[in-house]
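In what follows, a structure is listed as structure tokens, so that the remarks can point back to it.
Naming: A, B, ... by sequence-line order, numbering from 1 per chain.
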2 protein chains.
Amino acid sequence: MKEVEQLLESKQIRITAMRLLIYKFLAEKEVAVTLSDIENAFAKADRTTLYRTVKTFEDKGIVHQIDDGTGITKYALCEKGCNCEIETDLHLHFHCNNCNETVCLTEHKIPQIKVPNGFVSENVNLVVKGICDKCSA
Amino acid sequence: MKEVEQLLESKQIRITAMRLLIYKFLAEKEVAVTLSDIENAFAKADRTTLYRTVKTFEDKGIVHQIDDGTGITKYALCEKGCNCEIETDLHLHFHCNNCNETVCLTEHKIPQIKVPNGFVSENVNLVVKGICDKCSA
DNA sequence: AAATTAAGTGCAATGGAAGTGCATTTTTAG
DNA sequence: CTAAAAATGCACTTCCATTGCACTTAATTT
């Protein structure tokens, strides 16, 4: 667990029990989670705390937000080398219409998208929907 | 206006004054609109009616929904040949971070996206964010 | 054309998620 | 150990999406 503490410290995030727990929770999940998911996992904690914790993680760049089209924002840990800030380094997300889970396909980069003259691309959000590997098996 | 009525009839949508007006409104707009936008344009009408009208249009395939990441769903008329249902014929959307408007880039098709083994792609949502032509000028 | 049925419309209310203000506790720094 | 800063918890608020029910309008049947 020392690693996690070091990571948080390196990002200038104070270490609290809550934060370690939430980090651990996110790390264990291999899918993107909603705030409600976290809420259910930590029923004793307050929604606001969880909300702000995730937001802190996001601000500090250890979590990225995912808009998979369900209308509910989801979160996932940034992996090593996930430079969310850099527009050219965005991976895509896959949303399963069956189990409703969303996963990061980190190794799949988003191809360069051409836009018409006059348009300036700063950011790209790409969500593929369909059936995930677990559900199609 | 006969054209519109014919279009609605061909899609098995009953013709009402409200629907003609809303269709006209959408047709005039070259950007995707929110429910609030429609609401403002038709202050006399009820939100629910507008909501359901748009939903009807959507169900019948003459309007498509756009999730541009602002958290508010937007709507735009499907253009001729906009087969929203068909996965391979999806165009992309551009959201301007400056004026907050979202436009369909109908002529820009989404490139084929590869997904890992076991995943089945049914649908792709691609939103490019940046500065639109009007704002960058 | 009148009556019956079906669909559309309006009003009121609900629900869910996101976000804010403030008091209290915990952690860090002097 | 004490003062300051940050984190947490509680109570609200807001905004958009959605639904139930009554009422009106349009379509169909006799």
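For A:H93 and A:H95, the ring centers are positioned 6.0 Å apart or more. Here A:Y75 and A:F57 keep their ring centres 6.0 angstrom or further from each other.
No donor-acceptor contact under 3.5 angstrom links the side chains of A:T56 and A:D59, judged on distance only.
What separates CG of B:L8 from P of D:dA26 is a distance of 15 Å, to the nearest Å. For the pair B:D37 CG and D:dA17 P, the computed distance is 11 Å after rounding to whole Å. Whole-Å rounding puts the B:K44 NZ to C:dC11 P distance at 14 Å. What separates CG of A:L20 from P of D:dT8 is a distance of 10 Å, to the nearest Å. Separating the CG atom of B:D67 from the C1' atom of C:dA17 is a distance of 15 Å, rounded to the nearest angstrom. For the pair B:Q12 CD and C:dG8 P, the computed distance is 12 Å after rounding to whole Å. To the nearest angstrom, P of D:dT19 lies 13 Å from CG of B:L35. With rounding to whole Å, A:I72 atom CD1 is found 16 Å from C:dG15 atom P.
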**Request:** Scan nucleotides 24-30 of chain C nucleotide by nucleotide, 5' to 3', and note B when protein non-hydrogen atoms come under 4.0 Å of the base, S if they reach only the sugar-phosphate, - if neither.
**Result:** ----S--

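The hydrophobic cluster analysis finds A:I66 isolated: no Ile, Leu, Val, Met, Phe, Trp or Tyr side chain comes under 4.5 Å of it, directly or through other members.
No continuous path of hydrophobic side-chain contacts links A:I113 to A:V120 [ILVMFWY only; heavy atoms under 4.5 Å].
Shown for residues 45-60 of chain A: residues whose heavy atoms fall under 4.0 angstrom of DNA chain D, namely A:D46, A:T48, A:T49, A:R52, A:T53.
Residue A:E3 holds its CD atom at 12.0 Å from OG of A:S10, rounded to the nearest 0.5 Å.
Atom CD of A:Q12 has 12 or fewer neighbouring heavy atoms from other residues, nucleotides or ligands inside a 6.0 Å radius.
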